[in-house]
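Written out below as structure tokens is the structure these notes cover.
Computed from a prediction, not measured in an experiment: that's the story for all the values here. Chain identifiers are assigned alphabetically (A, B, ...) following the order of the sequence lines, protein sequences preceding nucleic acid strands; residue numbering begins at 1 within each chain.
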Amino acid sequence: MRHLLSTKSLSRVEAITLLDIAEDMADVANREVKKLPTLRGKTVVNLFFEDSTRTRISFEAAAKRLSADVINFSAKGSSVSKGESLKDTAQTLAAMGADGVVIRHPASGAPQVLAGSGWIDAGIINAGDGTHEHPTQALLDAFTIRRRLHGTASRGRGLDGVTVTIVGDILHSRVARSNLWLLDTLGAHVTFIAPPTLVPADTSAWPATIGYDLDAAIDAGPDVVMMLRIQAERMNAAFFPNSREYSRRWGLDDERFSRLSSHSIVMHPGPMNRGLEISSAAADSDRSTVREQVANGVSVRMAALYLLLSGDREDS
Amino acid sequence: MTERTVLTQADITRALTRISHEILESNRGAENLVILGIPTRGVALAKRIAEIIQRIEPASAAVRVGSLDVTMYRDDLAHTRTRTPAPTQVPGSIDGATVVLVDDVLYSGRTIRAALDALGDHGRPSVVRLAVLVDRGHRELPIRADFVGKNLPSASHERINVHVTEVDGDEFVSIDGGSIDGGSTDGGTES
Amino acid sequence: MSSERYLVRGAQLSDGTTTDLLLADGVITGTGTKLSDAGATVIDADGLIALPGLVDLHTHLREPGYEQSETVLTGSQAAAIGGFTTVFAMANTSPVQDTAGVVEQVLALGESAGYVTVQPIGAVTVGLEGVRLAELGAMAASRANVRVFSDDGFCVSDPLLMRRALEYVKAFDGVVAQHSQEPRLTVGAQMNEGALSSELGLTGWPAVAEESIIARDVLLAEHVGSRLHVCHLSTAGAVDVVRWAKARGINVTAEVTPHHLLLTEELVAGYDARYKVNPPLRRREDVEALRQGLADGTIDIIATDHAPHPVESKDCEWDAAANGMVGLESALSVAHAAVVETGFLNWKDLVRVMSTTPARIGRIQGQGQQLAVGAPAELTLYDPSARRVFGRANLMGKGVNSPYLEMTLPGQVLATFHRGYATVLDGVLRSTAQIDAARADLVGGSNE
């Protein structure tokens, strides 16, 4: 694998291989020495043009468990915020000998531009670009679902027949897009539930069911309910009247949580707005995977770094 | 190109039985023994050795057997196609145990070097031994096997093919004259 | 007017007839067959089409203020190699072309360059800010003789201000050329809104943002009895609105760019900012509707919206990139590919939409005339049988932000004549020294 830019471009075999390797990586966390020498001598740069401490430390932990050297390059307080271009930044990193670049950028497509630019030869991992994709988040979500459903028998399996309902701001969510393509590739069926203002303009080509009614979606008994974070600034842009109304119609409150079928699991990519899109009871229940998702994030990112940075460049 | 069978299924069974006896002899019983196979075929061989030991010494506690993947510890990761790792399953703590590593073919010794590194990250065995079905020579590191099914002097252009029933559906060890096409087992390509 | 004399031998006119053309003293002095002139340079035009010099109603020359992107000279050179003899220079310079002084400066720069007639466009509002009217009358009365007014790049979105502008320009037969983009519906817009923008996570530029402004403006133009020109139509709905307006008798004209006639939004999928343009590339259905609209006369003209940018404005992430494409050098070939080869227009139609009608809308004299004895020697010779891989070497302006690089395009301009002298010969742009020599004995360097 040369880069990991999107889940749309992942084949089923590639996705399952990555999830299987993540299983191996997860085992490392249970050992006496929680570190592998695999990427010794490799340099991974976390290039973050947007603040995201969670994602950055997850990648940092992943790279360090594989013995890579990690450089954190945050756009805040650096020359980047003074107008240095992506190109100049990339060429600087290339000159430093970066083997892998983990990029988080507010502009959709920035990782793809970086990968195709010729400015830098490193493997590129998209750690979230604008409202486009966030492939490692989707991979860790799929990994989490697979483990919950199949436990130790997860290796080699997809998510065939699994029903996943994703609720919230689909329009602006890179997590929703990455999950859509990956879950579909793995055989799951995705339902999006959102206020009509937060559904993209044209989803006719999406392999998903779109709806506005969370109660009906809950009653359908999905295997997974994934709640997305709702951003406060959406209210100011008149996507919905206010947080109370949003919470009433599209929040996973205690009443809806109690109606959820007993086998359903509850997911959230974090950080959560407790009491807005998800109640504390739902977030803290044993059906919630929120903390597993964080742990699994490290394993999945180790797998991605391994696939990108080991192996012969010309060959991959 | 000629392919010549050097061990039949019966030969392999006899070799594994002898190795099992030798392990028991050197360990003075099955006590505190952990048998770890190196994927892919080493895992099947390790299980068989564990079964044979259990048959020989039915009174002793269950011999612990597992697998030890070395992919993440290889020294050639940057020079070959990305390898897909296999699962590692270490049965319980190996601290103070006698660990016997099992592989199908011993060649350069680099796989065993990686296995020793991997093992060290799981704990601190008191003794580590190495059992291989075939030792074909051409060592590149100061490593030798403690238990050998068959010494098979070979030229480096020759291929050693190991098939075991659990993985391949049939069972034999053969040698062929060094075609450059694929189709060989990982025993032959071990480097 | 020029000391150069040319005898163009055996050119095909847009109506299909073949003729020799004798160019002397800045005009066409002879047509017919077997013309002779011992003093003239003979150009074998066998297989070539002679077209009246092309007129671009929508060019960004960037000077004054953005000379790193383009100058009047380099933009004029790009125009000449594309077969143009006149370009209308958009007002979004720095300072903005919103006073008589600035438009006269641009006019003078064009005259000094000498490759094409550079006709300045005046801003509708001061500083393009959409707050109060610029001195439209002063620009109209200036030496630049401005008749086209546009805040292009920005929409005159305030309906009252738009009404006043439409009314006011009636005093001097002016026209407001509107960049139709409802600003509130296009906050942060990056590409056509639809299935692809949804997938790529790029903020959508909905068709309705263009169509609603056009609908409002044609009704305003009808109400105040004025003349409206709609810049760069890009949607099927926009074509429908203009068609409706024309059927109703509203005095509206409309333009389409070569790129909106050829390219579709799928090109955005790789996030290559060369394809970022305003209005954005649309769907295949829109391209078809625009071609049809051009063929049935709903859309009056093709205009390039030539928009050069420095490399760094495109060599970056999509959101940060500038909108716009260069188009003068490729316009004729792209139009050829998009609407001639596809059978929507013949060469006569092409003359109408790329020369005659734009000259008429812009009220410019001495351009867009049929190639006949007495007409100004403003023409271009085009080889329709050529095919070439379009490359950076074909770009004569400063901008290399062409979406056609590496594409195979039909046709090539082999010669362009402006005021009787050649600006392009044998497919090669003539040097500034050659241009200066050719017009050494021009009288006074006046515009007429």
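For C/A269, the part sitting under 4.5 Å from any heavy atom of chain A is the backbone (N, CA, C, O) and nothing else. Contact of A/P111 with chain C is not made at all, since no heavy-atom distance falls under 4.5 Å.
The residue among A/G116, A/A201, A/G109 with the most heavy atom pairs within less than 4.5 Å of chain C is A/G109. Contact count against chain C (heavy-atom pairs under 4.5 Å) is highest for A/A107 among A/S6, A/P106, A/A107. Per-residue counts of heavy-atom pairs under 4.5 Å with chain A were compared for C/G270, C/S197, C/A273, C/G204; the largest is that of C/G270.
Under a cut-off of 6.0 angstrom, the local environment of CZ in A/R12 is crowded, with over 12 non-hydrogen atoms contributed by other residues, nucleotides or ligands.
Counting only distance, with no hydrogens or angles, the side chain of C/S198 and the backbone of A/T203 share no donor-acceptor pair below 3.5 Å.
Note that CG of C/D272 and OG of A/S117 are 11.5 Å apart. Values are rounded to the nearest 0.5 Å. Between the OH atom of C/Y271 and the CG atom of A/L5 there is a distance of 10.0 Å, given to the nearest 0.5 Å. Rounding to the nearest 0.5 Å places CG of C/L202 at 6.5 Å from OG1 of A/T131. For the atom pair CG of A/L114 and CD of C/E317, the computed distance is 9.5 Å after rounding to the nearest 0.5 Å.
The two residues A/W119 and C/D315 have their closest heavy-atom pair at CZ2-OD1, 3.4 Å.
In this structure, C/E199 pairs ionically with A/K8, as a charged nitrogen and a carboxylate oxygen lie closer than 4.0 Å.
Residues from residues 164-200 of chain A that place a non-hydrogen atom less than 4.5 Å from a non-hydrogen atom of chain C comprise A/R177, A/W181, A/P200, given in numerical order.
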